[in-house]
Amino acid sequence: MGRGGGLTLVEAHDLEASLRHAGVRRGDLLGLAVADDGTAAVAFGDGGRTAPAPGIAAVDETLRPRWVTWSQQTAQRLIADGVRLATGWDVAAVHRLLFGGWRADPGFAWARLHGLAPDDVPAAGLPGPPGQADLFAAASERAAAEHGPDEAAGDALDPIGPDGYLRAEWTRGGWADSPARLLAWARLAREAALLQDAALARQAGADTGVATARCESTAELLCAELAADGLPMDRTAAEQVLAGIIGPRPRGDGEAAAMRSARDSLVLRHAPPGVTADLRSPVQVRSLLAAAGLDLPDTRAWRLEEFRDAHPLVAALLEWRKAERIATTYGYGWLDEVLGADGRLRGAWTSADGAAGRMTASNGLHNMPAAMRRAVIADPGHLFVRADLGQIEPRVLAAVSGDPALATATSADDLYLPVADQLGVDRPTAKVAMIAAMYGQTTGHGGQAGRRMRAAYPVAMGYLDAADRAARAGRDLRTYGGRLVPMAGGPADAARTAARGRYGRNALIQGAAAELFKMWAVTVRARALPLGARVVLCLHDELLVHVPDDRAEQAAGLVGDCLAETAGRWAPGGRVRFVADISVVRCWADAK
DNA sequence: CGGTGAACGTA
DNA sequence: CGTACGTTCACCGA
């Protein structure tokens, strides 16, 4: 080996020394790519090295660079080798910040970054179109024939095609087959990161945008760890919770079917004689209700609720729906599938959804029924620090809008008390008025409380109105932290326009809250590590930290300190106070 | 077989 | 008192 765009590649036994010699310092962007076998390539400036994964860990500890990766997949691969990075720059995560949307694969991100038409990104599907690899080989051979072997090798080491797009052969994963290509992939990630950094710097609020990019990226490292570590769950306790709701675990398919029809009959016995229905079919349930004298447009729970006493069928149906949800989605099958033999519930995590940028999790980690929290129990010798942000949305509104009066209200533990005072209404009315303003009510017109809200908090209300107007007009929005919220045109009847307005104002609040939360989460991740504490769940405004029991109180204090630190960095000026409810518990259900 | 909408869990 | 997401199911059309 030894040729790669003028580079000398060595299996570096002292990666750190090489990097120090090259002048790499704390926080510098270093490209990082890891092959399936654990070989890592590190790109810096004009140089590069390959090294085994432990070398990366050593450098991370001593030099603490900011590792540039194409996606969370690199961190996942390193975690499998026991390597956890402190900070990162995740090209996919920053792409979502800059451009919005879900799609963030390297070929797409590279194209958008260079202003190339996204529709023409070479398809990287696996396996490629028939003969694609052969075509590439044939092209290389042609190049070799026409320009000599060096030119062909140059092509093979260049992920960028003549049209400026990344070659499909590389975006399919073809970079992992040689150290030289691995390094080329790492160098390109670094190049993309530098371009992203420059793009963020051109935006208004450049500092904020770069800070958000770093948090979003490090949140991606946290996501890889959440996926690997899982949420502690006691299998016996979980089965007890299930047994209390849907009965004991069925022995075999026959018993499962019998239990299912037994559940069904609890509803159908209330049906008029001779009438039956498949309760899982909304159409048939609607007919069933009609036969009982209830003619409804749909059978949603909120609509059925007011008819709960009109016919015994309704209450039975609502109960059936709850049990059916547990039985099908969060039942024994779910437990068997997602709860590991080590008592950890695992799913895939993403640091930002396609809309406002909240974290997402699969396998029910974000939407398991609250009753299952009884089974989320810390390991022996461990406890949970559970912390959730209080009234996060109005506090975030105060910060992002810069409304001085609303900022003053945030000094109260219960923000709605001073707001109610200010409006001259009671607390429940004040809360409804605030939430209606933030999310855009569809019923009523806000009334007196709404008008007083405009008078009392004109800056905050103006911020929301501006978001609503821009969204309705189809103009793109950006959150406080710089995330693009695309507002593509499309059909514009009155209902859709109003929905876009609500979406826009909600996205700016929900999105900013997500940014604050993630900054808090990655701060806790970093500061709590020396205590042996690990973040094991992120739930939009709630953190669950798993910690050895003799460090739990210390960790709880630290989580609060991290919020204060985060608030100061995220909303400079210190005018807005953020609060968290923090408790130390053995079981998630024991909190609050 | 893949896509869509209803329904409902969480925030 | 609105938005988001993930999951399962029935249903539709190929």
Side-chain angles (χ1 to χ4, degrees), chain A residues 100-102 231 245 260 277-287 296-305 317-331 333-334 337-338 347-373 376 388-394 396-397 428-447 449-450 464 467-468 471 477 479 483 485 498-514 517 537-544 588:
Chain A
W102 264 115
L231 177 69
I245 301 170
R260 202 170 104 137
D278 179 352
L279 298 176
R280 292 152 195 84
S281 162
V283 175
Q284 292 188 38
V285 168
R286 196 170 159 235
S287 309
L296 303 173
D298 61 61
T299 73
R300 287 186 166 88
W302 64 266
R303 198 185 293 284
L304 290 177
E305 201 57 53
L317 178 62
L318 289 169
E319 285 311 302
W320 178 89
R321 286 245 177 95
K322 275 194 185 313
E324 184 71 4
R325 168 68 47 181
I326 303 280
T328 55
T329 307
Y330 305 105
W334 171 70
E337 184 151 331
V338 303
W349 288 75
T350 65
S351 71
D353 64 32
R358 300 215 294 195
M359 293 173 83
T360 72
S362 70
N363 286 350
L365 280 159
H366 269 177
N367 43 5
M368 78 169 83
M372 292 302 298
R373 294 179 188 187
V376 177
D388 78 300
L389 300 172
Q391 302 169 337
I392 182 60
E393 282 154 338
V396 158
L397 173 60
T429 306
K431 182 174 178 179
V432 167
M434 177 69 76
I435 289 174
M438 284 191 295
Y439 304 147
Q441 62 186 357
T442 54
T443 54
H445 289 80
L464 293 168
D468 196 292
L477 298 169
T479 64
R483 177 178 305 279
V485 181
R500 281 220 302 259
R502 287 195 302 275
Y503 173 82
R505 63 167 69 201
N506 182 271
L508 293 202
I509 301 298
Q510 191 182 98
F517 176 81
L537 190 72
C538 293
L539 197 48
H540 307 311
D541 66 354
E542 182 171 1
L543 274 178
L544 208 55
W588 191 14

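So that the names make sense, note that chain A is the first sequence line, chain B the second, and so on, each numbered from 1.
Summarising the geometry, the separation between CD1 on A:I435 and C1' on C:dT3 is reported as 12 Å, rounded to the nearest angstrom. The CG atom of A:D278 sits 7 Å away from the P atom of C:dC11 (whole-angstrom rounding). Per the geometry, CG belonging to A:L543 stands 14 Å off P belonging to B:dA11, to the nearest Å. One atom, CD of A:E305, and another, C1' of B:dC8, lie 13 Å apart when rounded to the nearest Å. In this structure, A:E324 places its CD atom 12 Å from C1' of C:dA10, rounding to the nearest Å. Distance CZ (A:F517) to C1' (C:dA4): 15 Å, rounded to an integer number of Å. Atom CD in A:E337 sits roughly 17 Å away from atom P in C:dG6 (whole-Å rounding). A straight line from CE of A:M438 to P of C:dG2 spans 13 Å, rounded to a whole angstrom.
Using a 4.0 Å heavy-atom distance criterion, A:M368 is classed as a sugar-phosphate-only contact. Within the 4.0 angstrom heavy-atom criterion, only backbone atoms of the sugar-phosphate kind lie near A:R373; the bases stay farther away.
With hydrogens and angles left out, the side chain of A:R321 and the base of B:dA7 share no donor-acceptor pair within 3.5 Å. For A:R300 and B:dA6, a side-chain-to-base donor-acceptor distance below 3.5 Å is absent, hydrogens and geometry of angles not being considered.
Taking only side-chain nitrogens and oxygens, A:R502 comes nearer than 4.0 Å to OP1 or OP2 of C:dT3. Dashed line: the shortest gap from a side-chain N or O of A:T329 to OP1 or OP2 of C:dG6 is not under 4.0 Å. For A:T360, a side-chain nitrogen or oxygen approaches OP1 or OP2 of C:dG6 to under 4.0 Å. Put simply, A:S281 has no side-chain N or O that comes within less than 4.0 Å of OP1 or OP2 on C:dC9.
Map A:A356 and A:G364 each onto its nearest nucleotide of DNA chain C; the residue landing nearer the 5' end is A:A356.
Relative to the side chain of A:A370, the nucleotides C:dT3, B:dT10, C:dA10 differ in distance, and B:dT10 lies closest. For A:S362, the side-chain atoms get nearest to C:dG6 when compared with the rest of C:dG6, B:dA7, B:dA11. When distances run from any side-chain atom of A:T299 to the nucleotides C:dT8, C:dA4, B:dA7, the shortest one goes to B:dA7. For A:N506, the listed nucleotide lying nearest its side chain is C:dG2; candidates were C:dT7, C:dG2, B:dA11. For A:D353, the side-chain atoms get nearest to C:dA4 when compared with the rest of B:dA7, C:dT8, C:dA4. Comparing B:dT10, C:dT7, C:dC9 by their nearest atom to the side chain of A:R280 picks out C:dC9. Nearest nucleotide to the side chain of A:W102, out of C:dT7, C:dT3, C:dC5: C:dC5. Side-chain proximity of A:A355 to the nucleotides B:dG9, B:dA6, C:dA4 is greatest for C:dA4. Across B:dA6, C:dA4, C:dC1, the shortest atom-to-atom separation from the side chain of A:R358 is found for C:dA4. In the set C:dT3, B:dC8, C:dG2, the nucleotide with an atom closest to the side chain of A:Y503 is C:dT3.
Side-chain polar atoms of A:T299 and A:R321 form a donor-acceptor pair below 3.5 angstrom.
Between A:A361 and A:H366 the shortest heavy-atom distance is N-ND1, 3.5 Å.
Although no hydrogens or angles enter the test, the distance criterion places a donor-acceptor pair under 3.5 Å between the side chain of A:R286 and the main chain of A:L296.
Between the CZ atom in A:F517 and the CD1 atom in A:I392 there is a gap of 10.0 Å [rounded to 0.5 Å]. A distance of 11.5 Å separates CG of A:D278 from OG of A:S287, quoted to the nearest 0.5 Å.
A salt bridge links A:D468 with A:R505: at least one charged nitrogen is closer than 4.0 Å to a carboxylate oxygen.
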May I have the step-by-step check of side-chain contact (heavy atoms from CB on, under 4.5 Å) for A:H540 and A:Q510, ending in yes or no? CA-CA 9 Å; A:H540 307 311; A:Q510 191 182 98; over 6 Å; no
